[in-house]
*Asks:* 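For reference, the structure I am asking about is given below.
Chain letters run A, B, ... following the sequence lines, proteins first and then strands; every chain starts at 1. FYI, side chains are in, hydrogens and waters are out, and symmetry mates aren't considered; it's all heavy atoms of this structure.
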2 protein chains.
Amino acid sequence: MTGLRERTKRAVRAEVVEVARRLFAERGFDETTVDDIVQAAGMSKRSFFRYFAVKEDVVLGEIDFMGERIAAEIAARPAGEDAWTGLHTVLRTWEQRIDDERQALERLRLIESSPSLRARYHQKRDETREQIARAVAARPGLDPFTADLLTAAAGAALDCVARAWARSDGRADRLALVDRAFALFAPTRAGR
Amino acid sequence: MTGLRERTKRAVRAEVVEVARRLFAERGFDETTVDDIVQAAGMSKRSFFRYFAVKEDVVLGEIDFMGERIAAEIAARPAGEDAWTGLHTVLRTWEQRIDDERQALERLRLIESSPSLRARYHQKRDETREQIARAVAARPGLDPFTADLLTAAAGAALDCVARAWARSDGRADRLALVDRAFALFAPTRAGR
DNA sequence: GACATTTGTGGCATCGAATGCCACTTTTAG
DNA sequence: CTAAAAGTGGCATTCGATGCCACAAATGTC
């Protein structure tokens, strides 16, 4: 049982994230240095970079394993289902799982406010897209190009939904927007 | 006539790009430092950063004004045309304008090889997308959300085409791929 | 053609992110 | 209880990027 170690690690990480979140909200992401964060969190800079590969991961760390999990859910869809519907269904449930909407909105705004954060966000999103694309391509009757197209379009749709939602200050119905986006591109003969 | 100044500036810039291109091809982008480049080009580091805001722009500098021009072409489409067809037509001609395919392929590969290049590439692509989206949203009968969706999907489609083309070592017919991609998502009632 | 103004250049110092290295402490497992 | 494994902090260093300043070149004017 490797209990204590794991637990303290998680706790420390969560605390740093929280401390940093507050600093970012006050001064902005780029204006907050890693030195500021580690000083406020009472830890050394060297240790900070053991918890977070890059500064941006303080904000984006949670995204890391989403790709694998979504890919698994895609792979688990019924065999006869077309890929577009599968993507719609799976990604819809992920949108549904967002619990703290205030925090999600705050994070979206923060990401939009900093070029480096946006860059790293896109990078992670891209890795996620590739993982999902592989799962989609594994479905029968789909060539890699079409699989890539469907996945990329789905990802683009979610980006648009996030932007529209942020523009509405979180008042818009995210799920309705997702449905509208997927309906708009519903390919007549896609995914088969 | 502010001739000489402008011309030498262009010439210097072009030369740096060429020198750097060779270094990147030999050692890779991340493994080549700015010091390496300026030494090979015979210029100071300080001046380098007057020509290029960031190191990545040595590779991606040409992308800068594409957004405005594409947006202008979108705005100039016939009034009755639906937005998806307009995007297809305009972006198709841009794909057609790629003259040096070898170099385009080499650059694509370079971008894919370096995380920081990919990041900066995405960033610029995102700005371009926003410019185009504004032009699309200005078309009659389109709400901003739909305009954003169509633009983002078109951008995603072009990304897929570029990836597929790179996978085929430049042998695939890029224009045919573009047409396939746009046909796949041809929204029955979109853009009107 | 001499002159002041504008524009570009190089060198230097500095900042911030990130990494390698090493000595030291704590946890875990036998 | 002890040896191995894992985590921490401090230090030096690398690299990209920016501010500052003195100096050189080009431009436009008289």
Side-chain angles (χ1 to χ4, degrees), chain A residues 1-17 19-20 23-24 26-61 64 110-111 113-121 123-124, chain B residues 1-17 19-20 23-24 27-61 110-111 113-121 123-124:
Chain A
M1 273 160 237
T2 121
L4 178 58
R5 218 149 186 144
E6 192 86 5
R7 259 185 298 142
T8 52
K9 217 170 145 183
R10 271 184 215 283
V12 169
R13 192 183 162 103
E15 201 198 316
V16 174
V17 167
V19 167
L23 291 177
F24 294 155
E26 285 172 24
R27 303 180 222 172
F29 181 81
D30 293 315
E31 291 71 29
T32 308
T33 70
V34 173
D35 280 312
D36 292 336
I37 299 171
V38 298
Q39 194 181 353
M43 102 194 296
S44 78
K45 194 156 82 169
R46 198 65 192 80
S47 286
F48 173 90
F49 283 109
R50 288 201 184 89
Y51 281 92
F52 308 95
V54 294
K55 180 185 162 193
E56 285 76 19
D57 281 9
V58 176
V59 179
L60 305 174
D64 276 339
L110 189 63
I111 293 171
S113 77
S114 154
S116 66
L117 259 180
R118 284 171 69 136
R120 179 74 170 173
Y121 177 68
Q123 186 184 330
K124 295 204 164 197
Chain B
M1 275 160 232
T2 122
L4 178 60
R5 219 147 183 145
E6 192 85 6
R7 259 185 299 141
T8 52
K9 216 171 147 183
R10 270 184 217 284
V12 169
R13 192 184 162 102
E15 202 198 315
V16 174
V17 167
V19 167
L23 291 176
F24 294 155
R27 304 180 222 174
F29 182 82
D30 293 316
E31 290 72 29
T32 307
T33 69
V34 173
D35 280 312
D36 293 336
I37 299 172
V38 299
Q39 193 181 355
M43 102 195 294
S44 77
K45 194 157 83 170
R46 198 64 193 79
S47 287
F48 173 90
F49 282 109
R50 289 199 184 92
Y51 281 91
F52 307 96
V54 294
K55 181 184 162 192
E56 285 76 18
D57 282 7
V58 177
V59 179
L60 304 175
L110 191 62
I111 292 171
S113 76
S114 155
S116 66
L117 259 180
R118 283 170 70 138
R120 179 75 170 175
Y121 177 69
Q123 186 185 330
K124 294 204 164 195

*Asks:* Could you tell me whether A/Tyr51 contacts a base, only the sugar-phosphate backbone, or nothing, with contacts defined as non-hydrogen atoms closer than 4.0 Å?
*Replies:* sugar-phosphate
*Asks:* I want to check one thing: is the phosphate of C/dG8, taken as OP1 and OP2, less than 4.0 Å away from some side-chain N or O of B/Lys9?
*Replies:*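 B/Lys9 to C/dG8 OP1/OP2: side-chain N or O found under 4.0 Å.
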*Asks:* Rounded to whole Å, please give me the gap between CG in B/Asp30 and P in D/dT14.
*Replies:* 18 Å
*Asks:* Which heavy atom of A/Gly61 sits nearest a heavy atom of A/Arg13, and at what distance?
*Replies:* CA-NH2, 3.8 Å
*Asks:* Give a yes or no answer on whether the side chain of B/Thr32 reaches the backbone of B/Gly28 with a donor-acceptor pair at less than 3.5 Å.
*Replies:* yes
*Asks:* Starting from C1' on C/dA18, measure out to CG on A/Asp57 and report it in whole angstrom.
*Replies:* 13 Å
*Asks:* Just the rounded figure in Å: distance from C1' of C/dC15 to CG of A/Asp36.
*Replies:*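 A/Asp36 atom CG is separated from C/dC15 atom C1' by 12 Å.
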*Asks:* Mind calculating the distance between CZ (B/Arg7) and P (C/dG8) to the nearest angstrom?
*Replies:* 15 Å
*Asks:* Classify B/Thr32 by what it touches in the nucleic acid, base, sugar-phosphate, or nothing, heavy-atom distance under 4.0 Å.
*Replies:*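 Sugar-phosphate, backbone atoms only, no base.
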*Asks:* Can you tell me the distance, in whole Å, between the CZ atom of A/Phe49 and the P atom of C/dG16?
*Replies:* 12 Å
*Asks:* Report yes if at least one side-chain N or O of B/Ser44 is closer than 4.0 Å to OP1 or OP2 of C/dG11; otherwise report no.
*Replies:* no
*Asks:* Is it the case that B/Lys55 places NZ or CZ above or below the six-membered ring of B/Phe48, under 6.0 angstrom from the centre and within 45 degrees of the axis?
*Replies:* no
*Asks:* Nearest whole angstrom, please: distance from the P of D/dA17 to the CG of B/Asp35.
*Replies:*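 That distance rounds to 12 Å.
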*Asks:* Shortest non-hydrogen contact from B/Lys9 to B/Tyr51?
*Replies:*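 Scanning both residues completely, I find the closest heavy atoms to be O-CE2, 3.5 Å.
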*Asks:* Between C/dA18, C/dG8, D/dG16, which nucleotide has the shortest distance from any of its atoms to the side chain of B/Lys45?
*Replies:*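 Minimum distance to the B/Lys45 side chain belongs to D/dG16.
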*Asks:* For a quick test of reading the model, state the closest non-hydrogen atom pair linking B/Glu56 to B/Ser116 and the distance between them.
*Replies:*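 Shortest heavy-atom separation between B/Glu56 and B/Ser116 comes out as OE2-OG, 3.2 Å.
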*Asks:* Quick one: on DNA chain C, does A/Arg50 or A/Thr33 contact a more 5' nucleotide (nearest heavy atom)?
*Replies:*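 In this pair, the answer is A/Thr33.
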*Asks:* Expressed in angstrom and rounded to an integer, what is the separation of B/Phe52 atom CZ from D/dT18 atom P?
*Replies:* 14 Å
*Asks:* Which nucleotide sits closest to the side chain of A/Met43: C/dA17, D/dG9, D/dA17?
*Replies:* D/dG9
*Asks:* Round to the nearest Å and state the distance from A/Arg46 atom CZ to C/dA23 atom P.
*Replies:*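 For the pair A/Arg46 CZ and C/dA23 P, the rounded distance is 16 Å.
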